[in-house]
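Structure record follows, encoded as structure tokens.
Note that ligands are numbered from 1 as they come in the structure, with each ligand's atoms numbered from 1 the same way.
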Amino acid sequence: MDIRIAPSILSADFTRLEAEVREVEAAGADAHHVDVMDGRFVPNITVGPLVVAALRRVVKLPLEVHLMIVEPEDHLEAFAKAGSAMIYVHAEACVHLDRTLARIRDLGCRPAVAINPSTPAAQVSEVLHRVDRVLVMTVNPGFGGQGILQSSVPKISWLAAEAGRRGIHLEIEVDGGVDPETAPVVARAGAHQVVAGNAVYGKPDRAAAIRAIRESLRNVG
Ligand code: DX5
Ligand code: ZN
């Protein structure tokens, strides 16, 4: 099955970030996933627009910017200017989700909405027409290298069925605990793309790591 893979720089070696992103590009990655955390929406703090802009200067693939921050609407312009191709906001972090997603598109980026494991998929039902993609979190956001929460997997199939029923073109991406063992599970449920942090950047040979995920998907679908 043709599933896209977006390595998350969260597990990369930040002392040599340029070399890291170039390595996964050469290894056949499809996009770069950038995890932005503010120490409020999630317990961890990571990077901001400055790092997105720096990456933009050295990467060829699109930068997908996953905002795990409160009040993301205040920072959309900065992330758009920094060169984000796609901006993900969390449904749980947006009081006016519809407006925020429309604003992302107005800024020239692709809008996506993310949902935590405890959030029902139906919570984004009214904005499916506004987004290019839904990001189903299969871990509680904040840290890389956690195990997948199997209880979140049925949300992938629910979203795929709902989009199909309503004739909405929707991509479904899965984030958290994806590796060669779990990738086929989420692919069978209907995922089009997976984020892989630990399973790619956590391995010494990134090309082999990406190959292992692709190989695991060969007999799916
Ligand atoms: C979790 C982040 C993920 C994370 C995934 O808060 O949103 O993108 O980096 O890492 P792995 O693949 O290691 O679970
Ligand atoms: Zn993420």
Side-chain angles (χ1 to χ4, degrees), residues 3-14 17 20-21 24 27 29-48 51-52 55 61-70 72 75 79 84-93 104 109-119 131-153 155-156 171-187 191-204 206 208-210 212-214 216-217:
I3 301 271
R4 292 188 301 275
I5 301 174
S8 162
I9 63 158
L10 190 59
S11 297
D13 177 354
F14 273 70
L17 196 51
E20 292 281 78
V21 289
V24 301
D30 296 291
H32 298 287
H33 186 85
V34 182
D35 286 308
V36 176
M37 306 185 188
D38 65 352
R40 293 187 63 205
F41 183 72
V42 289
N44 204 357
I45 300 178
T46 57
V47 300
V51 171
V52 174
L55 282 169
L61 293 171
L63 292 168
E64 305 178 350
V65 178
H66 178 190
L67 299 182
M68 286 162 277
I69 64 177
V70 298
H75 303 279
F79 282 103
S84 311
M86 181 171 257
I87 298 180
Y88 304 68
V89 292
H90 266 264
E92 305 86 358
I104 294 171
C109 301
R110 298 179 67 198
V113 65
I115 48 171
N116 283 335
S118 61
T119 302
V131 297
D132 286 0
R133 189 177 291 173
V134 175
L135 184 70
V136 176
M137 294 302 301
T138 43
V139 295
N140 284 299
F143 304 95
Q146 306 180 74
I148 194 168
L149 293 170
Q150 295 285 350
S151 51
S152 293
V153 173
K155 289 198 277 186
I156 304 165
E171 294 174 357
I172 301 169
E173 183 170 14
V174 174
D175 187 2
V178 174
D179 60 20
E181 239 173 73
T182 56
V185 177
V186 300
H192 304 100
Q193 178 161 327
V194 293
V195 175
N198 196 46
V200 172
Y201 280 115
K203 307 284 178 213
R206 281 65 187 271
I210 290 178
I213 299 173
R214 290 213 193 282
S216 76
L217 293 164

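- Under a 4.0 Å N-O distance rule, the pair Arg110/Glu64 does not qualify as a salt bridge.
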Note every protein N or O atom lying under 3.5 Å from an N or O atom of ligand 1, pairing the names and giving the distance.
| residue | atom | partner | partner atom | Å |
| --- | --- | --- | --- | --- |
| ligand 1 | 6 (O) | Gly142 | N | 2.7 |
| ligand 1 | 7 (O) | Asp35 | OD1 | 3.0 |
| ligand 1 | 7 (O) | His66 | ND1 | 3.3 |
| ligand 1 | 7 (O) | Asp175 | OD2 | 2.9 |
| ligand 1 | 8 (O) | His33 | NE2 | 3.4 |
| ligand 1 | 8 (O) | Asp35 | OD1 | 3.1 |
| ligand 1 | 8 (O) | Asp35 | OD2 | 2.7 |
| ligand 1 | 8 (O) | Asp175 | OD1 | 2.7 |
| ligand 1 | 8 (O) | Asp175 | OD2 | 3.0 |
| ligand 1 | 9 (O) | Ser8 | OG | 3.0 |
| ligand 1 | 9 (O) | Asp35 | OD2 | 3.0 |
| ligand 1 | 12 (O) | Gly197 | N | 2.8 |
| ligand 1 | 13 (O) | Gly145 | N | 2.7 |
| ligand 1 | 13 (O) | Asn198 | N | 2.9 |
| ligand 1 | 14 (O) | Gly177 | N | 2.8 |

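- By the side chain to side chain donor-acceptor pair (under 3.5 Å) test, His33 is found to be paired with Asp35, His66, Asp175, residues two or more places apart in sequence or in another chain being considered.
- Judged as a salt bridge (Lys or Arg N to Asp or Glu O under 4.0 Å), and not counting sequence neighbours, Arg40 has no contacts.
- The Zn ion (ligand 2) has His33 NE2, Asp35 OD1, His66 ND1, Asp175 OD2 as protein N, O or S atoms under 2.8 Å away.
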From CA spacing to verdict: side-chain hydrogen bond (donor to acceptor under 3.5 Å, both in side chains), Asn116, Thr119 = CA-CA 5 Å; Asn116 283 335; Thr119 302; 4.8 Å; no

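- Summarising the geometry, atom CG belonging to Leu67 is positioned 5.0 Å from atom CZ belonging to Phe79; distances are rounded to the nearest 0.5 Å.
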Please report the C-alpha distance between Ile45 and Met37 in whole Å, then the side-chain angles of each, then the deciding distance to 0.1 Å, and finally whether the side chain to side chain contact (heavy atoms under 4.5 Å, CB included) criterion is met.
-> CA-CA 5 Å; Ile45 300 178; Met37 306 185 188; 5.6 Å; no

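- Contact check on Glu171 versus Arg4 returns a salt bridge, with a Lys/Arg side-chain nitrogen under 4.0 Å from an Asp/Glu carboxylate oxygen.
- Remark: Thr46 OG1 to Ile69 CD1 distance equals 9.5 Å, nearest 0.5 Å.
- Counting only heavy atoms from C-beta outward, the side chains of Val131 and Ile104 never approach each other to under 4.5 Å.
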